[in-house]
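Report on one structure; see the data block that follows.
FYI, side chains are in, hydrogens and waters are out, and symmetry mates aren't considered; it's all heavy atoms of this structure. All of these numbers come straight from a predicted model, not from anything done at the bench. Atoms within a ligand are numbered from 1 in the order they appear, just like the ligands themselves.
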Amino acid sequence: MDEAALKEVRNLVKQAKRVCVLTGAGVSAESGISTFREAQDGKGLWSEYDPQQLASLDGFLQDPEKVWQWYQWRREVNQDKKPNPAHIALALWQQQAKASGEQEVILVTQNVDGLHQKAGSDPNAYEVIDIHGNIWKNHCLQCREQYLEDVSGLLQVPECKACGGQVRPSVVWFGEALNEKKWQAAETAAYCCDLFLSIGTSSQVYPAAGLMMLAKSQGAKIVEINPEPTQSSVVDYQIQGFAGLVLPSLFKA
Ligand code: OAD
C-alpha cells in the first residue's frame with residue numbers, strides 16, 4: 001500500500017463535507033462473492049457464464065426457468081456471506097458522519113448482494129443506493145408488483161399473485177434502464193460531492209462508471225481503491241490494495 005497516498009487520502013476524508021462512494025463487486029470479494037470480470041484467474045462470473053443469456057430480458061424470455069434457476073443458485077451461494085471489514089468500515093463512517101452532522105456520505109453500489117445494508121448502511125435514508133437492484137427481491141415482469149413470497153429452493157418461475165405474470169429477480173439486466181429515482185439520487189450525490197471514492201469496480205459498466213467523470217467535472221477529488229488499478233484518467237489518488245484492508249486503515253486515525 002502506498003503510505004504517502006494513504007495519508008493524503010486520510011486528510012481528504014477528514015476534510016470532505018460531501019462524499020460519494022461508488023462500490024463494485026470487488027468490495028464483496030473478501031466476503032467470498034465472485035466478481036464479474038476477473039477472467040485471468042477464472043474467478044469472474046462472466047468468464048464462466050454468458051451475461052446475454054443469464055442477465056438480459058431476452059435471455060429470460062427465451063428460457064425463464066434457466067435464468068430463474070441461475071439466480072436461485074447465486075442466492076444459495078451468497079446466503080451465508082457476511083459483510084467484510086470494507087462494508088463495516090463504510091457503514092461506521094456513515095454512522096459517524098450522520099451523528100456529527102459535519103459530513104454527508106452517500107454510498108452508491110453496483111452490488112446486488114445486500115451486504116452494505118447488512119453492515120448497517122441504511123437504504124431507507126438513501127445512505128446506500130443499490131442502482132443495480134437487489135438479488136434478494138423479486139417482482140412481476142408484467143405488472144412490476146413486488147413478489148413477497150418466500151422463494152427459497154423454488155426451481156420453477158413463480159407466478160405473480162396480482163396478475164399471474166412471471167416473477168423475476170429485482171436486478172437490473174443488460175439493456176435495461178436503471179430505476180429513475182435511484183439513478184437521480186446517485187447522480188446528485190456525484191454532482192454535489194467534494195470527494196468521490198471508487199472502490200472495487202472495474203469502471204466498465206455505464207452509466208455507473210460515468211459518475212466518476214460527473215464528480216470530477218464539478219471539481220471533486222477522485223480516489224480509487226483497487227488491487228488492480230483501472231486506467232481511468234480522472235483519478236487523483238490510486239490506492240492499490242484490497243478494500244477490506246485499505247478502508248479500515250483509512251479510517252483508523
Ligand atoms: P467487475 O468484476 O467488473 O470488477 C471488479 C473489480 O474489483 C476489479 O477491478 C478488481 O480488480 C476489483 N477487486 C477485486 N478484489 C478486490 C478487493 N478485495 N478489493 C477491492 N477491489 C477488488 O465488477 P463491477 O465493476 O462491480 O452488473 O461490475 C459492474 C457491473 O457489471 C455489475 O454490477 C454487474 C456486472 O455485469 C449487473 O449485474 C447489472
Side-chain angles (χ1 to χ4, degrees), residues 1-2 5-6 9 21-60 67 70-71 73-75 77-78 81-90 107-116 119 128-137 168-179 182-183 186 197-212 223-232 235 237-250:
M1 234 186 284
D2 179 345
L6 201 59
V9 173
V21 182
L22 174 69
T23 64
V27 113
S28 295
E30 289 155 84
S31 294
I33 296 180
S34 300
T35 58
F36 293 94
R37 290 181 184 73
E38 289 177 275
Q40 314 90 312
D41 48 14
K43 271 195 301 190
L45 274 183
W46 296 155
S47 63
E48 251 184 282
Y49 302 99
D50 178 1
Q52 285 314 320
Q53 263 186 13
L54 298 167
S56 76
L57 183 58
D58 279 352
F60 184 75
V67 173
W70 187 68
Y71 280 92
W73 166 75
R74 277 181 64 193
R75 286 167 173 158
V77 170
N78 289 353
K81 305 295 189 241
K82 295 189 172 57
N84 66 52
H87 300 104
I88 293 167
L90 289 169
L107 183 47
V108 179
T109 188
Q110 297 166 88
N111 299 343
V112 298
D113 56 34
L115 289 183
H116 285 302
V128 52
I129 309 170
D130 52 356
I131 51 173
H132 287 171
N134 187 321
I135 199 170
W136 303 107
K137 294 185 179 166
R168 56 165 283 180
S170 297
V171 298
V172 175
W173 284 330
F174 285 100
E176 290 187 314
L178 305 189
N179 173 293
K182 288 184 189 180
W183 179 245
L197 302 184
S198 171
I199 310 172
T201 174
S202 60
S203 295
Q204 287 186 35
V205 174
Y206 284 80
L211 291 173
M212 187 192 270
V223 176
E224 182 178 80
I225 299 170
N226 197 315
E228 307 284 342
T230 66
Q231 299 308 311
S232 172
V235 172
Y237 297 90
Q238 235 153 16
I239 301 191
Q240 195 165 353
F242 297 118
L245 292 177
V246 174
L247 286 169
S249 103
L250 198 57

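At a heavy-atom distance under 4.0 Å, only side-chain atoms of Glu30, from C-beta outward, approach ligand 1. Contacts between His132 and ligand 1 below 4.0 angstrom, taking non-hydrogen atoms only, involve the side chain exclusively.
By the side-chain contact (heavy atoms from CB on, under 4.5 Å) test, Asn179 is found to be paired with Lys181, Lys182, residues two or more places apart in sequence or in another chain being considered. By the side-chain contact (heavy atoms from CB on, under 4.5 Å) test, Gln240 pairs with Pro229, sequence neighbours left out.
Within the 4.0 Å heavy-atom shell around ligand 1 one finds Val205. Residue Gly244 places every heavy atom at 4.0 Å or more from ligand 1. The shortest heavy-atom distance from Phe174 to ligand 1 is under 4.0 Å.
Between the side chains of Glu224 and Thr230, at least one donor-acceptor pair of N or O atoms lies under 3.5 Å. No donor-acceptor contact under 3.5 angstrom links the side chains of His116 and Ser28, judged on distance only.
Considering only non-hydrogen atoms, atom 17 (C) of ligand 1 lies nearest to Gly26 out of Ser56, Ser203, Gly26.
A donor-acceptor pair under 3.5 Å is formed between the side chain of Glu30 and the backbone N or O of Gly244. Side-chain N or O atoms of Asp130 include none that pairs as donor or acceptor with a backbone N or O of Asn111 at under 3.5 Å.
Interface atoms of ligand 1 facing Gln110, defined by a heavy-atom separation under 4.0 Å, are 29 (C), 33 (O). Taking every non-hydrogen atom of Val172 and a distance limit under 4.0 Å, the qualifying atoms of ligand 1 come out as 39 (C). Heavy-atom contacts of Glu228 reach the following atoms of ligand 1: 11 (O) (cutoff under 4.0 Å). In summary, the atoms of ligand 1 found under 4.0 Å from a heavy atom of Phe242, numbered by their order in the structure, are 17 (C), 18 (N), 19 (N). Interface atoms of ligand 1 facing Gly200, defined by a heavy-atom separation under 4.0 Å, are 5 (C), 6 (C), 7 (O), 20 (C), 21 (N).
Applying side-chain contact (heavy atoms from CB on, under 4.5 Å) to Val246 and the options Ile199, Ile239, Asn226 leaves one that passes, Ile239.
A 6.0 Å sphere centred on NZ of Lys81 holds more than 12 heavy atoms belonging to other residues, nucleotides or ligands.
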